[in-house]
Amino acid sequence: MAVSTVMPVGDYHVGLHRVFPLLVTPNEPNDYFSHEQVTLWGLNRYYGLPNYPRTKYYRTLTRPIPNKSLFFEFIVPLFPPHWLDEDVVQEYQERLIGGDQPTALAISVLDIRSPEPDFGDLTSDIDTHWCLAHYLLDGHHKVFAASQTDRPITLLSFLSVNHSIASPEQIQNVLDVVLCDKSN
């Protein structure tokens, strides 16, 4: 696949990251939107419910970072796991168990947000979430197989500078401090 044919024009930081994807179902205990997001922002003011992502997704790294912030890393599939070919998933599971570490491809954005002073718990130890979302372009079977076998894969990430809700300095901070410091 020629990556340049599917990428929007813009500036990117390209990185190859080792990840351990954990499949998340909305409203379950490991769902960011039902738990960590609600802890900081509260329930959706209109619906009185947590925000609903409408899809299963993967979590990878979560860790505290300086200045009362938490970093979250997600892999967002472009179609649901039940659309995957079971034979292909089985093949990748066998390869992963055998020691292979296949690579998936994603376009990524960094979203840094804090609640408005009147809408959220700014008295807690955490007042900002740094969310790195990798939108999976290729490798759906690989990521799902890795989540089922608890094995790592690599993720070739094109982190968009132009489409992130973060400054270039904040993006560089994530690259230098968070992603380069992974020890899995």
For residues [X] and [Y]: do they belong to one hydrophobic cluster (side chain heavy atoms under 4.5 Å, members Ile, Leu, Val, Met, Phe, Trp, Tyr)?
X: V19; Y: V89; answer: yes
X: V9; Y: V161; answer: no
X: L23; Y: I97; answer: no
X: V109; Y: L78; answer: yes

For residues [X] and [Y], report the shortest heavy-atom separation together with the two atoms involved.
X: Y135; Y: A133; answer: CE1-CB, 3.7 Å
X: L132; Y: S108; answer: CD1-CB, 4.2 Å
X: A146; Y: P21; answer: CB-CG, 3.8 Å
X: L96; Y: T149; answer: CD1-OG1, 3.9 Å
X: R59; Y: D31; answer: NH1-C, 4.1 Å

Please assess H129 against W41 for the test side chain to side chain contact (heavy atoms under 4.5 Å, CB included), listing each intermediate value before the final yes or no.
-> CA-CA 10 Å; H129 285 183; W41 279 273; 3.3 Å; yes
Check: [Y] and [X] side chains under 4.5 Å, non-hydrogen atoms:
X: I107; Y: L137; answer: yes
X: F20; Y: I153; answer: no
X: L155; Y: I75; answer: yes
X: K68; Y: T128; answer: no
X: L110; Y: I165; answer: no
X: N44; Y: P50; answer: no
X: L16; Y: T103; answer: yes

Among D111, V174, I171, I112, find the residue that satisfies the side chain to side chain contact (heavy atoms under 4.5 Å, CB included) test when tested with S164.
-> I171
Checking K142, H17, Q101 against T154 for side chain to side chain contact (heavy atoms under 4.5 Å, CB included), the one that qualifies is Q101
Can you measure from [atom1] ([X]) to [atom2] ([Y]) and round to the nearest 0.5 angstrom?
X: E91; Y: E94; atom1: CD; atom2: CD; result: 7.5 Å
X: L156; Y: D138; atom1: CG; atom2: CG; result: 10.0 Å
X: R151; Y: Q93; atom1: CZ; atom2: CD; result: 10.5 Å
X: H35; Y: E28; atom1: NE2; atom2: CD; result: 9.0 Å

Can you check side chain to side chain contact (heavy atoms under 4.5 Å, CB included) on T60 and L22, steps first, answer last?
-> CA-CA 6 Å; T60 59; L22 171 69; over 6 Å; no
Is the closest side-chain donor-acceptor distance between [X] and [Y] under 3.5 Å?
X: D100; Y: Y92; answer: no
X: S114; Y: D127; answer: no
X: Y58; Y: H134; answer: no
X: E86; Y: Q90; answer: no

Is the number of heavy atoms from other residues, nucleotides or ligands under 6.0 Å of F72 CZ greater than 12?
-> yes
Looking at [Y], is its backbone amide N or carbonyl O close enough to the side chain of [X] to form a donor-acceptor pair, meaning the two atoms are under 3.5 Å apart?
X: N162; Y: D11; result: yes
X: S69; Y: N67; result: yes
X: H141; Y: L84; result: no

Show the numbers, then the answer: is there a side chain to side chain contact (heavy atoms under 4.5 Å, CB included) between W130 and Q170?
-> CA-CA 9 Å; W130 295 47; Q170 291 168 319; 3.9 Å; yes
Step by step, would you call Y32 with V24 a side chain to side chain contact (heavy atoms under 4.5 Å, CB included)?
-> CA-CA 9 Å; Y32 168 81; V24 175; over 6 Å; no
Using ring-ring contact (aromatic ring centres under 6.0 Å, His included) as the criterion, point out the one residue from W83, Y57, F79 that pairs with H140.
-> F79
